[in-house]
Number of protein chains: 2
Amino acid sequence: MKAAIVTIGDEILIGQIVDTNSGFIAKSLDKIGIETYEMLSISDNKQHILDTFSLLQNKVEVVIITGGLGPTKDDITKHTLCEYFEDTLVRNTDVENHVIELIERALGREASQINKDQALVPSQSTVLHNQVGTAPGMWIKKENTVFISLPGVPYEMKYLIENQVIPKLVQEYQRPYIIHKTILTYGQGESHVAERIEDWENQLPEYIKLAYLPSPGRVRLRLTARGTNKQQLEDTIAENVKSLDAIIHDIIVGFEEEDTIEVVLGRILKEKQLTVATAESCTGGKIAQLFASVPGASTYFKGSVVCYATEVKMNVLGISKDLIAQHSVVSKEVASAMALSVQKIMQTDYAIATTGNAGPTKGDADAELGTVCIALATPNGVIVEEFNFGQPREKVIDRAVIKSLELLQKEILKNVL
Amino acid sequence: MKAAIVTIGDEILIGQIVDTNSGFIAKSLDKIGIETYEMLSISDNKQHILDTFSLLQNKVEVVIITGGLGPTKDDITKHTLCEYFEDTLVRNTDVENHVIELIERALGREASQINKDQALVPSQSTVLHNQVGTAPGMWIKKENTVFISLPGVPYEMKYLIENQVIPKLVQEYQRPYIIHKTILTYGQGESHVAERIEDWENQLPEYIKLAYLPSPGRVRLRLTARGTNKQQLEDTIAENVKSLDAIIHDIIVGFEEEDTIEVVLGRILKEKQLTVATAESCTGGKIAQLFASVPGASTYFKGSVVCYATEVKMNVLGISKDLIAQHSVVSKEVASAMALSVQKIMQTDYAIATTGNAGPTKGDADAELGTVCIALATPNGVIVEEFNFGQPREKVIDRAVIKSLELLQKEILKNVL
């Protein structure tokens, strides 16, 4: 069973915003065995939308459309749906009452005519109630394809996918099984891993696909099996993961489907009742923010001192002026002192510190652009490394963040695995 | 002149990664007057890729393809290009030498055969040299459409777009003018703004398009003019911006094309030689990280205390146990004390503090899920507000971040405009 995801909006096509909706929708569909055949982003242009609908008609069973449902003139999805289905807009009183109530409660004013017109929907459509916004979702079928139109605001789209779209798809369609298994490796590059597992890869059955997902320092291997016999799929995946593990056991760090490094770390820290803090200069709080992005992080993540200015390193972390003068602010010595200081201040088991020149110009230190010193304070002392991540700035920051988390992971896994 | 952007990779279609490449490419094309007609994400499937190429052939002048150029078996773009162009792969010695050198320098080992095969390119293609990676870009033309294939790794793709693709497109094609003007408003919702400017919107000439880009608390209005007479486009845009300003002057805060709130704030803080710091609980360092993401931020952003744990609020910021016991850790009183404390510790003009219950479960306070207190310490005292941003967690954090920056913006604009 196949789906297409269509995002409507000029702001995406000129690169003003990045489409994150499609990824969320694809992941949700994948979980219930619906394969996303294609994602498209097209402009707020009636003819282009109509042509796209025609191309997808009967080619996929489900078309999910986001965007273009706002109250303003540039939002034309609803009128275009009507034209495609040779339908007319009718007022849905449930939606209208919801809009009036929502506007009054949130803004303390009466709903305007523009607000109320959000309740106009194609007469053949089934309304998908949007509890968290004013634009309703719509479900409308033609021949073998159902078109589902959702607002583009991410949390409204998410609400509708989770509470309306997925339950209704599950109820109305028979779906095959799609099983994924992700194997996280770290420390070796994509081509190196590929060489090691070449024979294993060649013996995989036709219905299992392998994908390599490289990112700095790590490669994820993703196995995908599709079919109708769930037990057979699961058994074959399990056998192949076992034989893979025998070949590259030394670089495998995890098997969970949606593991990011911050989630993996969080799980280990929580289990072992360990705590962590950060002292960040060039990474500007990005490591802290990653820790804090995981629900429940408060049990192991205590906090951070973001010491962007040199005087903050001195005043808040107590790094001595002499140490900075002697080694420069971007140095292993200063990174180590920062890590030890924040570990002490926040009373944690581990503490990460970063100091570097991210660029594009040099700050308070002469170190080459791209230089980053990363220190990890542990219960048994401090580990420190110096890197050069080159340029541009965003790459330096991202690699410093990932390398910091890897250092911590390596260190705590030593004691855990 | 029109372009299509095609992203190849199963990892996007199952929602494992979000495609940020297309947005970057679209923005780069837009700047040189090339309109992105469509973005597509498709799977690593030869037939699907071939069908997509056929559909786009002669419909757009430029097709930019990213992904599928890695050294492993699941990367099939190059072979598919060969099939589409009825071409064969030949070894490019310049690329091979570059790959050998890059692998030796970066990894200190000899390039393997898999690495060296990155130098195989379709014989009709022009190689676009990839200084920062092993997969070369390729430029290959058929009838009225040029197909440009680039690696999917974001910084390699960016390098090639900036240094090879854009210069070559500018050299080889005549392009029309596209002019955008963005007007940033804040404090009123999309439909409210739309009502105020309805008459103005109706009188816009045919070749100027208006788009509304709403996000929490703010609406961007984007005017886009397309044509061959640059001067006329610019004049008409300028006239219309002027007449718009007369209608909604009270809510307009900026006119720069790519202004994000952190960039706007950075510019004002820098100009006025003002400094800022943050003390973050529920936002976990996200505000700090936004400030730090702007190049040159070190002149006005001093740092942050991320005090995720209650004891860090006490030990590092010196918030008294009594104050917390009396008002709870999520309270206006604690937020105010946090802001004043970090302002003092980091010796800044302004300081932002956040404390709240982001959810999904309650932390060290009984406040309702979604409650956030935001305080702003200024040179003249402290301002504090309490909000409820509902759920889910990510929405609470994002809205707390944006509301914090808005409070600061409002306050410093008072003295600046």
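So you know, we letter chains A, B, ... as the sequences are listed, proteins then strands, and number each from 1. Hydrogens, waters and symmetry mates play no part in the numbers below; they use all other heavy atoms, side chains included.
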Indicate the atoms forming the closest heavy-atom contact of [X] with [Y], along with that distance.
X      : Y      : value
B/L13  : A/Y37  : CD1-O, 4.0 Å
B/A292 : A/G284 : CB-CA, 3.7 Å
B/R220 : A/Q16  : NH1-NE2, 3.6 Å
A/E38  : B/H48  : OE1-NE2, 2.8 Å
B/A26  : A/I12  : CB-O, 4.3 Å
B/V306 : A/M346 : O-CE, 4.0 Å

Contact origin within [X] toward chain A - heavy atom pairs under 4.5 Å:
X      : answer
B/E280 : neither
B/D398 : neither
B/V18  : side chain
B/A297 : both
B/S293 : backbone
B/F301 : both

Roughly how far apart are [X] [atom1] and [Y] [atom2], rounded to 0.5 Å?
X      : Y      : atom1 : atom2 : value
B/S191 : A/I114 : OG    : CD1   : 6.5 Å
A/L210 : B/D10  : CG    : CG    : 10.5 Å
B/Y300 : A/Y308 : OH    : OH    : 8.0 Å
A/H192 : B/N115 : NE2   : CG    : 10.0 Å
A/K59  : B/D51  : NZ    : CG    : 6.5 Å
B/Q289 : A/K286 : CD    : NZ    : 5.0 Å

Measure [X] against the heavy atoms of chain B and call it side chain, backbone, both or neither at under 4.5 Å.
X      : value
A/D19  : backbone
A/K158 : side chain
A/V305 : both
A/F291 : neither

#### Entry: Residues A/I42, B/M39; criterion side-chain contact (heavy atoms from CB on, under 4.5 Å); working and verdict
CA-CA 7 Å; A/I42 60 176; B/M39 293 173 179; over 6 Å; no
Flag the one option from [options] with the top tally of heavy-atom pairs under 4.5 Å to chain A.
options                       : value
B/R109, B/K313, B/E394        : B/E394
B/G303, B/S304, B/A279, B/S22 : B/S304
B/G23, B/A288, B/P295         : B/P295
B/S41, B/S28, B/G285          : B/S41

### Task
State whether the number of non-hydrogen atoms from other residues, nucleotides or ligands found under 6.0 Å of A/K209 atom NZ is greater than 12.
yes
### Message
Using a strict threshold of under 4.0 Å (side-chain N to carboxylate O), is an ion pair present between A/E156 and B/K395?
### Response
no
### Query
Is the shortest distance from a Lys or Arg side-chain nitrogen in A/E311 or B/K302 to a carboxylate oxygen in the other one below 4.0 Å?
yes
### Close side-chain approach of A/Q347 to B/N315, heavy-atom, < 4.5 Å
yes
#### Entry: Minimum side-chain heavy-atom gap A/E35-B/I14 below 4.5 Å
no
### Query
Between the side chains of A/S112 and B/E195, is a donor N or O closer than 3.5 angstrom to an acceptor N or O?
yes
### Message
Determine whether A/Y212 and B/E11 satisfy the following criterion, side-chain contact (heavy atoms from CB on, under 4.5 Å), listing intermediate values before the conclusion.
### Response
CA-CA 9 Å; A/Y212 293 81; B/E11 65 276 21; over 6 Å; no
